[in-house]
Amino acid sequence: MKAVGYQKSLPIEAADSLVDFETAKPEPKGHDIRVAVKAISANPVDYKVRKRAAPPAGEYKILGFDAAGVVDAVGPEVSLFKPGDEVFYAGSIQRQGTNSEFHLVDERIVGRKPKSLSFAQAAALPLTSITAWELLFDRLGAVPGKSLDPRTLLIIGGAGGVGSILIQLAHRLTGLTVVATATRPESQKWCLDLGAHAVIDHSLPMKEQIEKLKLAPVGLVASLTFTDQHYKAIADFIAPQGKFGLIDDPPEFNVAVFKGKAVSVHWESMFTRSSFQTSDMIAQNHLLNDVSDLIDKGVLRTTLDQTFGTINAANLKRAHALLESGKSRGKIVLEGW
């Protein structure tokens with residue numbers, strides 16, 4: 001089968017940072033399903049892994065987590081899917097990735113592809129949907145249902161992949177007031193179009209902008225990017241007994257700034273359930289099926305922004321470069337071989 005991978009951790013500009021190669025088609029075991037991959041999307045975790053994780057000498061590491069495709073074969077313990085089913089999922093950081101024609105994934109972290117979306121539109125959703133859903137409901141404890149919630153949710157980096165789905169989930173499924181941050185006019189408009197009640201610029205002092213909005217107190221914060229640059233300022237205006245959630249890897253982060261207000265700090269990693277084979281691992285199957293239903297009912301929409309062509313090394317290098325620039329919006333998808 002065709003695949004895209006690398007043998008050494010290199011800057012994306014290097015000729016061999018990502019290469020096309022061929023390898024054996026994997027065989028499913030246990031709860032594995034084998035998926036014929038139709039479309040994938042690129043995420044910041046792809047370039048972060050590429051930069052820090054080199055495979056053993058002579059071997060290739062295949063990146064990629066998001067995928068949409070068709071079940072091709074199943075392992076002996078599989079009960080949720082059968083060959084021919086259309087699926088979407090975000091894979092496991094412990095295994096080879098989705099940048100390959102065929103891919104093995106545990107059925108318990110796979111969902112039914114939304115019927116109303118193309119494979120490309122569906123591939124934009126899994127990783128960010130799982131991250132946003134777990135962050136909002138499992139970590140920050142927001143309550144699903146449209147009953148009024150007297151708090152504001154502040155989303156730092158609202159125009160990125162996770163922010164783009166988190167805005168929708170919070171606006172459509174909770175009673176929270178949703179404020180997103182974005183710096184460029186096109187990114188601010190993107191956030192408003194997705195359902196943010198207001199947008200502020202995180203490159204300027206945020207406290208003054210929040211106060212001018214005269215909204216409900218900021219009781220929940222989802223810090224999706226550059227947490228090290230913003231968390232001290234946020235500690236100054238987050239409501240007492242609020243909740244601060246983050247998904248990035250801040251080089252500096254001192255939780256002591258939240259002590260006086262008894263603010264709790266919550267990490268979200270959508271790979272935790274699959275990496276540790278937790279007893280509630282199947283929650284991601286349920287979650288993705290819920291997202292699929294909400295898409296088909298018109299409650300949520302895909303966050304696909306750009307399609308970069310077929311799945312190959314050259315196009316994936318373009319995607320990595322754009323993600324590393326910090327100027328991407330929504331999701332970048334590649335489709336077909």
Kindly compute the distance separating CG (Leu176) from CG (Leu148), expressed to the nearest 0.5 Å.
-> 9.0 Å
Are Glu86 and Lys115 close enough that some pair of their side-chain heavy atoms sits under 4.5 Å apart?
-> no
Taking the side chain from His266 and the backbone from Arg139, do they hold a donor-acceptor pair closer than 3.5 Å?
-> yes
Would Phe308 and Leu322 satisfy side-chain contact (heavy atoms from CB on, under 4.5 Å), going step by step from the backbone distance to the final call?
-> CA-CA 11 Å; Phe308 271 26; Leu322 180 55; 3.9 Å; yes
Minimum heavy-atom distance between Pro28 and Gly75, given as atom pair plus value | CB-N, 3.7 Å
Could you check if a side-chain atom of Val199 sits within less than 4.5 angstrom of a side-chain atom of Trp190, using non-hydrogen atoms only?
-> no
What's the spacing between His31 NE2 and Leu80 CG if we round to 0.5 Å?
-> 8.5 Å
How far apart are the closest heavy atoms of Ala196 and Leu192, and which atoms are they?
-> O-CD2, 3.5 Å
When you look at Thr98 and Val35, which way does the side-chain contact (heavy atoms from CB on, under 4.5 Å) test go after all the steps?
-> CA-CA 9 Å; Thr98 56; Val35 177; over 6 Å; no
Examine Val263 and Trp267 and state if one hydrophobic cluster contains both, with Ile, Leu, Val, Met, Phe, Trp and Tyr joined whenever side-chain heavy atoms are less than 4.5 Å apart.
-> yes
Of the options Leu246, Ile156, Leu135, which is the one that meets Leu224 in a side chain to side chain contact (heavy atoms under 4.5 Å, CB included)?
-> Leu135
Sidechain N-carboxylate O distance under 4.0 Å for Asp280, Arg273 = yes
Kindly work out whether a path of hydrophobic side-chain contacts (I/L/V/M/F/W/Y, heavy atoms less than 4.5 Å apart) joins Leu140 to Phe237.
-> no
Quick one: CD1 on Ile130 to CG on Leu288, what's the gap to the nearest 0.5 Å?
-> 4.0 Å
Lys29/Asp32 salt bridge by N-O under 4.0 Å criterion = no
Hey, is the main chain of Leu334 close enough, under 3.5 Å, to the side chain of Thr307 for a donor-acceptor pair?
-> no
Leu220 with Val257, same ILVMFWY side-chain cluster at under 4.5 Å = no
Is Lys297 salt-bridged to Asp293, cutoff N-O under 4.0 Å?
-> no
Does His197 use its side chain to pair, donor to acceptor, with the backbone of Val178 at less than 3.5 Å?
-> yes
Would you call Arg329 and Asp305 a salt bridge, taking side-chain N to carboxylate O under 4.0 Å as the test?
-> yes
Does any non-hydrogen side-chain atom of Leu18 lie less than 4.5 Å from one of Leu63?
-> yes
Leu194 CG to Lys189 NZ distance, which is reported to the nearest 0.5 Å | 10.0 Å
Which atom of Ala39 lies closest to which atom of Ile311, heavy atoms considered | CA-CD1, 4.3 Å
Is there side-chain contact between Val4 and Asp20, with at least one heavy-atom pair below 4.5 Å?
-> yes
Hey, are Thr225 and Asp248 close enough side-chain-wise for a donor-acceptor pair under 3.5 Å?
-> no
So do Met270 and Leu127 actually touch side chain to side chain, heavy atoms under 4.5 Å?
-> yes
Does the pair Lys317/Glu13 count as a salt bridge with the N-to-O cut at 4.0 Å?
-> no
Any donor-acceptor N/O pair, Asn99 side chain to Ala3 backbone, under 3.5 Å = no
Heavy-atom closest pair, residues Tyr6 and Arg50 = OH-CA, 3.6 Å
Minimum-distance pair of heavy atoms, taken over all atoms of Met1 and Ser100 = CE-CB, 3.9 Å
Do Asp249 and Lys48 come close enough that some side-chain heavy atom pair is under 4.5 Å?
-> yes
Run the side-chain contact (heavy atoms from CB on, under 4.5 Å) check on Val110 and Ile33 step by step: do they pass?
-> CA-CA 9 Å; Val110 177; Ile33 60 174; 4.0 Å; yes
Donor-acceptor pair, side chain of Asp236 and main chain of Ala233, under 3.5 angstrom | no
Treating Ile, Leu, Val, Met, Phe, Trp and Tyr as nodes and any side-chain heavy-atom pair under 4.5 angstrom as an edge, say whether Ile332 and Trp337 lie in one connected cluster.
-> yes
Does the side-chain contact (heavy atoms from CB on, under 4.5 Å) test come out yes or no for Gln96 and Lys61, once each step is laid out?
-> CA-CA 7 Å; Gln96 290 283 41; Lys61 185 169 184 63; 4.2 Å; yes
Linking I/L/V/M/F/W/Y whenever their side-chain heavy atoms sit closer than 4.5 Å, directly or via other members, would Val143 and Leu136 fall into one cluster?
-> no
Any donor-acceptor pair under 3.5 Å linking the side chain of Ser274 with the backbone of Phe271?
-> yes
For the residue pair Phe244 and Phe258, is the inter-centroid distance of their aromatic rings smaller than 6.0 Å?
-> yes
Does a side chain donor of either Tyr231 or Glu252 reach within less than 3.5 Å of an acceptor in the other side chain?
-> yes
Under 3.5 Å, is there a donor-acceptor pair between the side chain of Lys261 and the main chain of Ile238?
-> yes
Minimum side-chain heavy-atom gap Glu335-Lys38 below 4.5 Å | no
Among Asn43, Thr302, Thr303, side-chain hydrogen bond (donor to acceptor under 3.5 Å, both in side chains) partner for Lys331 | Asn43
Should we count CZ of Phe226 as having more than 12 external heavy atoms under 6.0 Å?
-> no
Value for CD (Gln241) from OG (Ser264), rounded to nearest 0.5 Å, stands at 9.5 Å
Report yes if the side chains of Thr131 and Glu268 come closer than 4.5 Å at any heavy-atom pair, otherwise no.
-> yes
Nearest heavy-atom neighbours spanning Ala239 and Pro217 = CB-CB, 4.1 Å
One should read off an interatomic distance between Ile62 CD1 and Arg95 CZ, to the nearest 0.5 angstrom, of 12.0 Å
Judged by atom type as modelled, is there a donor-acceptor pair below 3.5 Å linking the side chain of Arg151 to the main-chain atoms of Gly242?
-> no
